[in-house]
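Here's the structure, in structure tokens; my notes come after.
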Amino acid sequence: MSELRDSLAVAVEEIAAYREMLPESSVGASATRADLVAAFPRSIPTEGVPLDEVMRELVESARPGLMASAGPRYFGFVTGGSTDAALVADVMTSGWDQLAFNESSSPASLAFEDVAGDWLKDLLGIPASASVGFVTGAQAANTVGLTAARLQVLHDHSWDVGRDGLRGAPRVRVVAGAERHATIDRTLRLLGLGESALELVPAGPDGAMDAESLDGVLKDGATGPTIVCAQSGNVNTGAFDDLRRICDVAKRHGAWVHVDGAFGLWAGASSNLRHYVDGVELADSWGCDGHKWLNVPYDSGYAFCARPEVHATAMGYTASYLSGQEEGRHFGGGDFVLESSRRARGFATWAALRGLGRSGVEDVIDRCCEMARRFAEGLNAIDGVDVVNDVILNQVLVRVGDEAVTQRIALKIQEGGDAWLGATTWRGERLLRISVSNWSTTAADIDRSIRAVANAVDQIRRA
Ligand SMILES: *Cc1c(COP(=O)(O)O)cnc(C)c1O
């Protein structure tokens with residue numbers, strides 16, 4: 001046991017030292033994937049080594065390839081770091097190694113999911129009666145939500161997809177905004193609905209679905225089983241679909257509404273931003289991430305469903321085919337997700353929420369938006385640099401030049417180590433994309449990052 005104690009003590013020291021360095025660390029990695037791989041033997045060594053040696057090799061081999069993405073000056077993708085409370089709970093989760101399949105496999109795992117799930121619904125404005133599956137991320141949450149949707153809309157047209165599959169089934173229409181996230185398309189491939197099930201509603205200049213056009217798109221197609229996929233928080237601009245309008249129109253057509261709110265649903269936790277998700281309670285299912293804006297370690301997402309019995313019938317371990325036999329059963333855990341044996345994800349989410357409290361969550365969300373506005377203002381002040389989106393949330397899109405110049409500037413910034421941000425294609429144009437989603441980002445971090453962009457722009461233009 002003392003060998004384990006010693007190694008855990010080393011691990012704790014390593015983690016603490018790593019995180020203490022994050023505010024000042026260079027953000028990029030200093031080694032490539034190939035560099036790292038080259039340092040290992042090609043085949044598995046015959047003999048094992050003691051724990052302390054495994055630890056030493058692990059830390060030394062990984063360190064040059066680590067990204068300071070948990071730190072305050074990483075603005076790539078929509079990443080978020082992890083709060084100390086969520087980190088500690090996540091370490092405990094590994095130590096306890098619980099099987100969160102069901103109540104008898106781990107009462108604590110299910111209880112923490114119950115409590116954290118209720119708190120999440122309260123914060124996000126999702127009805128208290130909704131079910132919650134703790135999944136790996138928003139891709140999984142969208143897949144779970146659309147699986148429940150597929151089951152119900154086909155059931156409404158007298159088809160049992162659980163029993164009979166899709167062969168011979170009525171065609172399912174999936175109506176989504178032109179600027180939906182790519183995970184929706186992947187989910188449609190996985191579910192056998194296919195990408196050709198998509199019928200697109202045009203998006204406005206900000207990328208939000210043009211709710212005016214939704215009625216027309218729905219009317220123009222067949223009156224078959226229909227799912228409408230809305231979005232809260234466009235991954236480029238941060239724009240929100242008008243959920244109230246969309247739900248109103250969709251319900252009149254008998255459609256199921258799923259909301260992809262990977263990070264944008266967190267607007268519901270802020271009194272300043274809540275109006276963006278007005279009508280959120282009217283949807284049928286929702287996908288959201290914990291590992292993005294709530295700053296829970298990977299992997300953490302939530303699949304909510306307004307109809308727990310549909311959710312459990314679609315995802316449950318044993319098929320029940322909406323027979324009514326599930327009535328009165330207390331669902332939970334493995335009934336709402338893709339996995340049977342799975343990690344106890346409720347602990348880390350609970351700890352993030354307990355550590356921050358309602359006001360702390362609101363502060364994180366509001367502060368990230370304020371920092372995004374500061375970033376945008378600073379960048380706009382640089383000659384020849386333009387912020388192209390309305391910075392209503394935490395996302396900033398920046399024009400610095402043509403495609404080649406943009407690429408070189410992004411690389412220059414990444415190599416400099418002061419900040420890390422990537423590029424995206426928006427409306428046919430290559431732009432820098434900034435997402436401020438880390439709880440620890442300060443005004444000083446933003447100002448340093450603005451200088452890093454200004455310097456990179458200057459150097460590339462002069463080169
Ligand atoms: C990130 C994101 C997803 C996918 O979430 P993962 O956590 O990466 O699975 C889906 N939709 C939107 C809008 C996102 O921003």
Side-chain angles (χ1 to χ4, degrees), residues 69-70 74-82 86 90 120 124 132-147 149 174 176-191 198 203 206-209 227-241 243 246 257-268 273 276-277 280 283 285-304 337-339 342-343 345 348-349 352 365 368-369 372 389 392-397 421-422 424-426 433-438:
S69 49
Y74 182 90
F75 306 103
F77 306 96
V78 188
T79 291
S82 40
D90 203 56
L120 287 169
L124 302 177
V132 192
F134 282 70
V135 293
T136 50
Q139 169 79 71
N142 288 336
T143 303
V144 169
L146 291 174
T147 303
V174 181
E179 297 291 348
R180 74 209 169 279
H181 194 267
T183 48
I184 300 299
D185 301 49
R186 174 149 69 175
T187 290
L188 298 183
R189 297 198 295 273
L190 289 171
L191 292 184
L198 271 175
D206 62 353
M209 182 194 291
I227 301 166
V228 173
C229 221
Q231 178 171 256
S232 287
N234 175 280
V235 77
N236 285 313
T237 63
F240 290 81
D241 290 358
L243 297 180
I246 290 169
V257 179
H258 174 77
V259 181
D260 173 8
F263 61 98
L265 271 188
W266 287 101
L273 305 171
Y276 290 131
V277 291
V280 65
S285 56
W286 305 260
C288 189
D289 265 317
H291 56 213
K292 287 181 179 171
W293 223 350
L294 184 59
N295 282 255
V296 173
Y298 295 104
D299 40 18
S300 174
Y302 319 111
F304 302 94
V337 299
L338 297 161
E339 305 88 1
R342 66 193 186 94
R343 183 174 181 80
R345 300 200 178 92
T349 292
I365 303 303
C368 287
C369 296
N389 67 317
I392 63 156
L393 202 69
N394 61 332
Q395 304 291 112
V396 187
L397 289 178
L421 45 91
T424 187
T425 300
W426 173 250
R433 184 176 67 178
I434 292 162
S435 175
V436 187
S437 16
N438 190 300

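Atoms within a ligand are numbered from 1 in the order they appear, just like the ligands themselves.
Using a 4.0 Å cut-off to heavy atoms of Lys292, the atoms of ligand 1 that qualify are 1 (C), 2 (C), 3 (C), 4 (C), 5 (O), 14 (C), 15 (O). Under a 4.0 Å criterion applied to the non-hydrogen atoms of Phe263, ligand 1 contributes the atoms 15 (O). Taking a cut-off of under 4.0 Å to the non-hydrogen atoms of Gln139, the atoms of ligand 1 that pass are 4 (C), 5 (O), 6 (P), 9 (O). Against a heavy-atom cut-off of under 4.0 Å, Val235 is close to the following atoms of ligand 1: 15 (O). Interface of Gly137 with ligand 1, defined as ligand atoms under 4.0 Å from a residue heavy atom, comprises 7 (O), 9 (O). Counting atoms of ligand 1 from 1 in the listed order, those under 4.0 Å from a heavy atom of Asp289 are 5 (O), 6 (P), 7 (O).
Salt-bridge check for Arg343 with Asp90: passed, with a basic side-chain N closer than 4.0 Å to an acidic carboxylate O.
In this structure, Gly233 is part of the shell of residues with a heavy atom less than 4.0 angstrom from ligand 1.
The protein non-hydrogen atom at the shortest distance from atom 13 (C) of ligand 1 is Asp260 OD2, 3.5 Å. Nearest to atom 5 (O) of ligand 1 among the protein's heavy atoms is Ala138 CB, 3.1 Å.
Summarising the geometry of Ala208 relative to Asp241, their closest heavy-atom pair is CA-OD1, 3.4 Å, with the distance given to 0.1 Å. Residues Lys292 and Ala262 share a closest heavy-atom pair of NZ-CB, 3.7 Å.
In this structure, Asp289 contributes its side chain and Ala138 its backbone to a donor-acceptor pair below 3.5 Å. The closest donor-acceptor contact from the side chain of His291 to the backbone of Ser300 lies under 3.5 Å. Checked by atom type and distance alone, the side chain of Thr237 pairs as donor or acceptor with a backbone atom of Ala239 at under 3.5 Å. Using modelled atom types, one side-chain atom of Gln395 and one backbone atom of Val235 make a donor-acceptor pair closer than 3.5 Å.
Checked against a 3.5 angstrom limit, the closest N/O atoms of His291 and ligand 1 fall inside it.
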